[in-house]
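Some notes on the structure that comes next.
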Amino acid sequence: MKRKLIAAVGVAGMVIGLAACGDSGSKGGDGKASGAKELTVWLTVDAQNNWPELVKAADDAIVAKYPGLTIKHEYYGWPDKNAKLDAVLATDKAPDVVEMGNSEMIGYMSTGAFAEVDPSKFENSGAWLDALKQSVTYEGKTYGVPYYAGGRVGTWRKDIAAEAGVTAAPKTWAEYTAALDKIQTAKGDKFSALYQPSPDWYAAMSYVYDAGGAIAKKDGDKWKGTLSSPESLKGLKQYKELLDKYMHADKTKDEADRPVVFGQGNSAAIFAAAWEGATSATPENDKVGGLKDKLENFVQPGPNGKNLPVFLGGSDLAIPSKSKAKDVAAEWIGAFTGAQGQKGLIGKGNLPNNKTDLGPLKADPKTQVAATAAESSWFVPTASGWGQIEKGKVLQTMLRDIGTGNKSVEDAAKAADAEIDKVINTK
């Protein structure tokens, strides 16, 4: 999944180096990791630009264990990474470690492109965040290691809230909707108390999963769309109610420019990736003036009595099945994603890959909101045809129809299920 890495508002910057690697390994290796002469690691430019010292620390730890080993790195942008990977996997020149967006894993796991790994060999694997654990699991087997996560939070203009008589960020759904009601009344119909682009399926599906629904579920050995189930319809109707009451901007637009729109000052709140609020307040986007000091993050409450479950964006690390150095590749991943590595990534504004490391973050006012929000998460169906559903924008089409009123919630969901069922089980 393509992601933009910008630290959330209030996340402090620090860099903590990696300790020496632990005993990490993979199933299916040749048992001769020390005999490997070369290791090729593919990462995205996020690592190259934002934490190269953490990559070097992992390299140093592995080379110290295996003197003479050469580690080569190649860095790719998100738009072109998979095309290059697909091409090289058809040859005998496969890399040994590759970074994948978490929702990109499914298609490769289902076709046997990645080697199975033993999660017990990696630190904190028993506490991996739910959504990230799901992203590396296919039919009960593990094919990757979570790297880091990026969550979603509520962000609002505390100055606008105060003008409407609201002095504290909401902790419950009743407080949230009451605050939006007051803001909407105070600002009028041309203002969006909540800027929520209709096609934003990451947000909409949070309401579906909060209501007990799902995009699809497995029925025997086949997946089937379940957006028209009673539970999913309940969540979609709750989402529709928000759009109708508080979203007064163009309901056909997606969320791609949400930080820009939010920075223009015509809305009071968003539910979005944690970096989006900070991006709206950068000099090029802030049309309000001093927006950074006017923003406040909060854990997004859900309508069913709990914090709204969030989609965790993030990356995983996998070992191609054609790697000739599977064991040492797994050790490199262990060094890079272990406890000390996670500290370094946290210092760069990322969420860790596990719940254990969320504990201290929840106790720190600077990171409390993002860490708390990440505890409750959901993930897309780990079905072989999921990539075709994303590519076909099935969810976006359904949500645009719901948001604009082009179709009833029931009809739009039924149509989406039909489209999902056509492709979800294909490879």
Side-chain angles (χ1 to χ4, degrees), residues 1-13 46 49-50 78 149-164 166 168-170 176 179-180 183-184 186-188 190-204 206 242-243 246-301 308 310-314 348-351 365-374 403:
M1 177 180 162
K2 181 181 177 182
R3 286 155 296 109
K4 188 173 182 178
L5 296 182
I6 301 177
V9 175
V11 176
D46 300 325
N49 296 335
N50 298 309
W78 285 103
R152 282 170 166 74
V153 299
T155 301
W156 75 355
R157 293 272 303 276
K158 57 186 178 181
D159 59 324
I160 292 178
E163 290 171 5
V166 182
Y176 180 63
L180 292 180
I183 292 170
Q184 195 64 67
K187 302 296 287 186
K190 292 184 179 180
F191 185 87
S192 293
L194 173 68
Y195 183 73
Q196 180 55 64
S198 303
D200 177 10
W201 64 275
Y202 299 113
S206 288
L242 287 176
L243 298 176
Y246 309 121
M247 171 61 177
H248 298 286
D250 185 352
K251 289 186 171 71
T252 65
K253 288 185 61 177
D254 66 21
E255 71 277 15
D257 65 347
R258 178 164 45 204
V260 175
V261 175
F262 193 46
Q264 292 171 349
N266 295 318
S267 56
I270 57 175
F271 170 51
W275 57 263
E276 293 190 46
T279 303
S280 72
T282 58
E284 62 269 27
N285 291 329
D286 180 6
K287 307 304 180 186
V288 175
L291 183 58
K292 180 180 178 181
D293 296 328
K294 296 178 172 69
L295 297 180
E296 181 178 19
N297 289 345
F298 56 90
V299 179
Q300 181 68 48
L308 198 67
V310 300
F311 179 86
L312 292 179
K348 293 294 186 176
N350 302 294
L351 290 173
K366 296 176 182 177
T367 54
Q368 182 181 40
V369 169
T372 301

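Keep in mind that what you see is a predicted model, and the values were worked out from it rather than measured.
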Practice prompt. Side-chain contact test, heavy atoms from C-beta onward, threshold under 4.5 Å: evaluate it for Ser280 versus Leu295 and give yes or no.
Written response: yes
Less than 6.0 angstrom separating the ring centers of Tyr195 and Phe262, yes or no? no
Closest heavy-atom pair, Gly151 versus Leu312, reported as atoms and distance to 0.1 Å, is CA-CD2, 3.8 Å
Applying side chain to side chain contact (heavy atoms under 4.5 Å, CB included) to Val369 and not counting sequence neighbours gives Val153, Asn297, Val299
Backbone of Asn266 reached by a side-chain donor or acceptor of Lys187 within 3.5 Å: no
In this structure, CG of Asp286 is separated from CD of Glu284 (nearest 0.5 Å) by 9.5 Å
Heavy-atom closest pair (Gln300 atom, Gly154 atom, distance to 0.1 Å) is OE1-CA, 3.8 Å
Heavy-atom nearest pair, Glu296 first then Lys158, reads OE1-CB, 3.9 Å
Pairwise side-chain contact, Gln196 with Glu255, heavy-atom cut-off 4.5 Å (strictly under) | no
**Message:** Can a donor-acceptor pair be found, under 3.5 Å and without considering hydrogens, that links the side chain of Gln184 to the backbone of Ala193?
**Reply:** yes
The salt bridge (Lys or Arg N to Asp or Glu O under 4.0 Å) partners of Asp159 (sequence neighbours excluded) come to Arg157
### Task
Determine yes or no for a side-chain-to-main-chain donor-acceptor pair under 3.5 angstrom, with Ser206 supplying the side chain and Tyr202 the backbone.
yes
Nearest heavy-atom contact between Pro199 and Thr252 is CG-O, 3.9 Å
Q. Taking the side chain from Ser192 and the backbone from His248, do they hold a donor-acceptor pair closer than 3.5 Å?
A. yes
Rounded to the nearest 0.5 angstrom, the CG-OG1 distance for Leu291 and Thr282 is 9.0 Å
Check: Going through the checks in order, is the side-chain contact (heavy atoms from CB on, under 4.5 Å) test met by Tyr246 and Ile183?
Finding: CA-CA 9 Å; Tyr246 309 121; Ile183 292 170; over 6 Å; no
Any side-chain heavy atom of Tyr176 within less than 4.5 Å of one from Leu308?
-> no
Here the pair of heavy atoms bringing Lys294 nearest to Gly289 is NZ-O, 2.8 Å
Smallest heavy-atom separation, Gln264 atom then Val288 atom, equals C-CG2, 4.3 Å
message = Side chains of Val310 and Phe271, heavy atoms from C-beta outward: is any pair under 4.5 Å?
response = yes
